[in-house]
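What follows is a short report on a single structure.
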Amino acid sequence: DQQVKQNSPSLSVQEGRISILNCDYTNSMFDYFLWYKKYPAEGPTFLISISSIKDKNEDGRFTVFLNKSAKHLSLHIVPSQPGDSAVYFCAARGNPGGSQGNLIFGKGTKLSVKP
Amino acid sequence: NAGVTQTPKFRVLKTGQSMTLLCAQDMNHEYMYWYRQDPGMGLRLIHYSVGEGTTAKGEVPDGYNVSRLKKQNFLLGLESAAPSQTSVYFCASTPDGSWPETQYFGPGTRLLVL
């Protein structure tokens, strides 16, 4: 039973436009959410995070929005660039308030940004 | 600093064979993790360690064993490989469990079990 869900396996966007990647979760106890970016043949790299006490976090072209009542978060990339083409994973801290530090991942969304 | 490295990068095994995957980090991190990623799936936690000499089970531990004899190394063992263990294995490390964004991943080991 998936606790973190990314229902769109892929997304194609034109360069310069906005990319919106969505993520839903089921466990209301999750207290920290992250987005990771992954290129082929590489490990995931951290992109941006948000604490459950906030509803928005911004870092340059990347903004993450959290809607706790809907158990939904989204990643906005504006403007999208061809180098953003990668698989994006949504993740939640798997042991809220605990010390394991492990992450629970969604299945990922493959973003393609076309020139 | 090399960060997190994984050995080997790719391996083909026959059913029933054994092997050990090595993860090494040079950042003096306390916590280390082994994840597996299957096609169309997110990463799932196999085992983890919160310090030298400690190990604990994650979400999908069956068929695997781990050891953390040295702080910088985390070994993942398959005693009798099965085709269901065909996957890409990622190791990660972090200073502690407080800040998930400090979790650094290795490049992965692709394992094919025939």
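Sequence lines set the chain letters: A, B, ... in the order given, protein chains first and strands last, and positions in each chain run from 1.
The greatest number of non-hydrogen atom pairs below 4.5 Å with chain A, out of B:Cys91, B:Gly40, B:Gly58, is found for B:Gly40.
When heavy atoms are compared at a cutoff of 4.5 Å, A:Lys38 approaches chain B solely by way of its side chain, counted from C-beta outward. Interface remark: A:Pro9 contributes no atoms to any contact with chain B (heavy atom separation under 4.5 Å). Of the two parts of A:Phe105, the backbone and the side chain both hold a non-hydrogen atom closer than 4.5 Å to a non-hydrogen atom of chain B. Contacts of B:Gln37 with chain A are made by side-chain atoms alone, with heavy-atom separations under 4.5 Å and no backbone atom involved.
Electrostatic pairing of B:Glu30 and B:Lys71 counts as a salt bridge here, judged by a charged N lying under 4.0 Å from a carboxylate O. With respect to B:Asp38 and B:Arg44, a salt bridge is recorded, a charged nitrogen being found less than 4.0 Å from a carboxylate O.
In summary, the side chains of A:Ser19 and A:Ser80 do present a donor paired with an acceptor at a separation below 3.5 Å, with no hydrogens or angles considered.
Under a hydrophobic-cluster definition in which Ile, Leu, Val, Met, Phe, Trp and Tyr are linked whenever side-chain heavy atoms come within less than 4.5 Å, directly or via other members, B:Val88 and B:Val113 are assigned to different clusters.
Screening A:Asn22, A:Ile20, A:Leu47, A:Thr63 against A:Leu75 for a side chain to side chain contact (heavy atoms under 4.5 Å, CB included) leaves a single residue, A:Leu47.
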